[in-house]
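This report concerns only the one structure given below.
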There are 2 protein chains.
Amino acid sequence: MVTAVKTRTRALRAKVATATLANGVQAPALPVNRILKGDCIDMMRSLPTGSIDMIFADPPYNLQLGGDLARPDGSHVDAVTDHWDKFDSFAVYDRFTREWLSEAYRLLKPNGSIWVIGSYHNIFRLGTMLQDMGFWILNDIIWRKTNPMPNFKGTRFTNAHETLIWAAKSEKAKYTFNYRAMKTLNDELQMRSDWVLPICSGKERLKRNGTKAHPTQKPESLLYRVILATTNKGDVVLDPFFGTGTTGAVAKRLGRNWIGCEREDDYIEVAQERIDLALPLDESALKTMQSKRAAPKVPFGSLVESGWLTPGTVLADKKRRWQAVVRADGSLAVGEDTGSIHGMGSKVQNAASCNGWTFWHFMDKGEMKPIDVLRQRYLLAVED
Amino acid sequence: MVTAVKTRTRALRAKVATATLANGVQAPALPVNRILKGDCIDMMRSLPTGSIDMIFADPPYNLQLGGDLARPDGSHVDAVTDHWDKFDSFAVYDRFTREWLSEAYRLLKPNGSIWVIGSYHNIFRLGTMLQDMGFWILNDIIWRKTNPMPNFKGTRFTNAHETLIWAAKSEKAKYTFNYRAMKTLNDELQMRSDWVLPICSGKERLKRNGTKAHPTQKPESLLYRVILATTNKGDVVLDPFFGTGTTGAVAKRLGRNWIGCEREDDYIEVAQERIDLALPLDESALKTMQSKRAAPKVPFGSLVESGWLTPGTVLADKKRRWQAVVRADGSLAVGEDTGSIHGMGSKVQNAASCNGWTFWHFMDKGEMKPIDVLRQRYLLAVED
DNA sequence: CATAGACCTGAATCGGTCT
DNA sequence: GAGACCGATTCAGGTCTAT
């Protein structure tokens, strides 16, 4: 039962978006591109079997925190103490986990896959249950945070990562993995199981009345990589713990359909607003590399992934003789041609080689600047 | 029942090593610095309850490999297909895991801790079982491999890490963590939960007749960090899955006692040879990293008492917003108020707490310096 | 206006001891 | 076992303020 009340405008917009995104393909009989208000297990029960291509789930971590924690300077640490993260025991947490995972299993198409994210408090229980239910684990992925919270007391190792598990419905399933796009995104090296990404902060962090809207908002760069790697355009992505809607916002940007389940009105409101503002990328930007030609010498893809450059952005050489469009996997398109920033640079100039970093420029405060500037900024921001 | 047969020479050497390592402390009534030959569960049952300080366990990974794997060029991949890594099902693996973990729990001292290492095939089951048995997880650690095996088929993310779990026997246990040593090792930054280390290869990789002696030999750097972080000199480290004895070799180098369980004669032979060659570090090398916390505590009054600060000296915070006068008994006076350096620090700031050592400053050669500087000088002077 | 520095804060199973 | 009270403790990035 879908209880989310949408305005007529929103429903229309969602429908239009679906038709556009699915791009000719029959739209599924699903409440796509909408937030379903209510308990996630109830909401999932309302959806048809075998209708979902990918599930991304960021369930409560079952943190077992003691008392208050104060920093050395006396300031208060705003830990996660929300009621939705309270479970009396492992048994209760396990029961809850089994329930929503059973629904997830039912909803996934035979070749669909699921992602879950967690910390050491809950990830082992999630992984064990996935295996026990017949899911086939494909990878465990480590999100290495560039800027984690330090360990104030100096009593343990700084908890500087979170773990994601990616699993298919069965050992034999033909799951989606965009190997080529991942390789392009990673400097023409295979994408590894450890991902270095900053936590969500600054402008990206959603605020309400000056304080953070949600205690555990995930960075868009994380979802970008997840969705780009394991879904195709037009696929339906379900997020049972929608929160502030990072999954929906990135899915929309990447031309995927999405469904979110969320209980709290505050989160729904923030999420809907955010997704309404997200702009889908245009067709050419979304095409990912199919050929093996491109060989970028630097991880240009990282700039795209982490939002320093938006897919669809038009780059040009300094004198604006040629233009190129940035695509989702970090490749460039010049007309029908696609390739790396270096390859396309040399191609348009009919030159043997070209350093794409200095050749291609972008507009910054009304000025043309080489994309190398962005690389420098990125390095400064991300470097360990 | 200890079934390992040692030569007289080896037994003697082991005994001498124990006496030297324990350094005056009564040697435990344990077969320390020896390899116990036999099934690890049987061997563990032969040891006394509460006798072990730390356990490092690298159990079989329960890899679920189908047929043979060949590289793109047709060459054969030497995967882990040894008979000891075959389990009929998760249930069998779980039963095995529960058995040896129960023994581990029994053997550990109340404040001892355990490390387990695994991949996504088994680590979730290990973690869940640790939690279910009452172990208290302290950290999960990611060993990020600088040179992992690539994913030849391009069907998944390159599996570039393994996961370790560090756990104490209970929530309230006073486990050992050499915070200072870890911080020193990490360029004066807190050691994080992600460790970047190369896999074991080159000269370090033990060979027998030209092929690797063990399929999953761990690098010594990994054990070095584990043992240095969570044991003290003279502690007893148990490794139930000893293999080629990396744990023993590093324990010996670091002045720790060790016990290894191993079934296979081939591994025992290689391991014993290797450990015999390992040289323990000398006293001074081992002493370098002393914990700040373990350093003798200095009451502020001692500085006054011994003349490092004269009663009547005026202290101030860094921005000189507040001033305080040192009194003869080691208390501070701010106006009519008096109290400890910490109490007065929090009082003037209206904060819950305050570290007076870093808050209050004194004038030294025309410069404001925290009184912690005086504490350091005092410690240096007293230590000699 | 640019730069330097102060201040704030992020999924955290984060103390010890005595009453 | 709960609670009071004392004491010791932090890294990186974003934002704001003072110079």
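Treat the numbers as computed from the prediction; the structure is a model and nothing was measured. Numbered from 1 within each chain, the chains take letters A, B, ... in sequence-line order.
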Which nucleotide in the set C:dG15, C:dA12, C:dA11 lies at the smallest distance from any side-chain heavy atom of A:Lys218? C:dA11
Expressed as a whole number of angstroms, how long is the span from A:Lys153:NZ to C:dA12:C1'? 11 Å
List the residues meeting side chain to side chain donor-acceptor pair (under 3.5 Å) with B:Ser340, not counting sequence neighbours, and say none if there are none. none
Would you tabulate the pairs of protein nitrogen or oxygen atoms and nucleotide nitrogen or oxygen atoms of nucleotides 15-19 of chain D closer than 3.5 angstrom?
from, atom 1, to, atom 2, distance (Å)
D:dT15, OP1, A:Lys203, N, 3.4

Along DNA chain C (nearest heavy atom to each residue), the more 5'-positioned of A:Arg205 and A:Asn151: A:Arg205
Presence of B:Tyr175 side-chain N/O under 4.0 Å of C:dC14 phosphate oxygens OP1/OP2: no
Please list, chain by chain and in numerical order, all residues satisfying ring-ring contact (aromatic ring centres under 6.0 Å, His included) with A:Phe56, sequence neighbours excluded. none
Proximity of B:Phe300 and B:Trp360 rings by center, below 6.0 Å: no
Counterpart residues, side chain to side chain donor-acceptor pair (under 3.5 Å), relative to A:Arg225 (two or more places apart): A:Glu305
Taking side-chain contact (heavy atoms from CB on, under 4.5 Å) as the test, write out the residues that go with A:Arg98, two or more places apart. A:Ser102, A:Met129
Side-chain contact, heavy-atom cut-off 4.5 Å: A:Asn122 with A:Tyr93? yes
Taking atom P of C:dG10 as reference, at what distance in whole Å does atom NE2 of A:His161 sit? 21 Å
If you pin A:Asn159 and A:Pro148 to their nearest nucleotides in DNA chain C, which one's is more 5'? A:Pro148
Just the rounded figure in Å: distance from C1' of D:dA12 to CD1 of A:Ile199. 8 Å
Side chain of A:Val77 only, please: which of C:dA12, C:dA11, D:dA8 is the nearest? C:dA12
B:Asn232: which residues meet the side-chain contact (heavy atoms from CB on, under 4.5 Å) condition with it, sequence neighbours left out? B:Thr176, B:Asn178, B:Asp235
Any idea which of C:dA12, D:dT10, D:dG7 is nearest the B:Lys183 side chain? D:dT10
Where along residues 133-142 of chain B does a heavy atom fall under 4.0 Å from DNA chain C? B:Trp136, B:Ile137
Closest nucleotide among D:dA12, C:dA11, C:dG15 to the A:Thr155 side chain: C:dG15
Nearest to the side chain of A:Asn147, heavy atoms from C-beta on, is which of C:dG10, D:dG13, D:dC11? D:dG13
Distance check needed: C:dA12 C1' versus B:Glu171 CD, whole Å only. 13 Å
Would you please name every residue forming a side-chain contact (heavy atoms from CB on, under 4.5 Å) with A:Ser193, sequence neighbours left out? A:Ile141, B:Asn159, B:Ala160, B:His161
Can you check nucleotides 6-9 of chain C for protein contacts, nitrogen or oxygen pairs under 3.5 Å, and list what you find?
from, atom 1, to, atom 2, distance (Å)
C:dA6, O3', B:Lys319, NZ, 2.7
C:dC7, OP1, B:Lys319, NZ, 2.3
C:dC7, OP2, B:Lys319, NZ, 3.2

Within the supplied structure, the quantity of interest is the number of heavy atoms (other residues, nucleotides, ligands) at a distance under 6.0 Å from A:Lys212 NZ; does it exceed 12? yes
Verify the distance criterion only: is there a donor paired with an acceptor across the side chains of A:Thr230 and A:Trp115 at less than 3.5 Å? yes
Pairing pattern in dot-bracket form [Watson-Crick, G-U; both distances under 3.5 Å; | = partner strand] for DNA chain D: .|||||....|||||||||
Show the numbers, then the answer: is there a ring pair (Phe, Tyr, Trp, His ring centres under 6.0 Å) between B:Trp143 and B:Trp195? CA-CA 5 Å; B:Trp143 168 27; B:Trp195 300 356; 9.6 Å; no
Comparing nearest nucleotides in DNA chain D, the 5'-proximal residue of the pair B:Gln190, B:Ser340 is B:Ser340
salt_bridge(B:Asp132, B:Arg125) N-O dist < 4.0 Å: no
Going by side chain to side chain donor-acceptor pair (under 3.5 Å), name the residues that satisfy it together with B:Asn139, two or more places apart in sequence or in a different chain. none
Partner set under side-chain contact (heavy atoms from CB on, under 4.5 Å) for B:Thr146, not counting sequence neighbours: B:Val196, B:Pro198
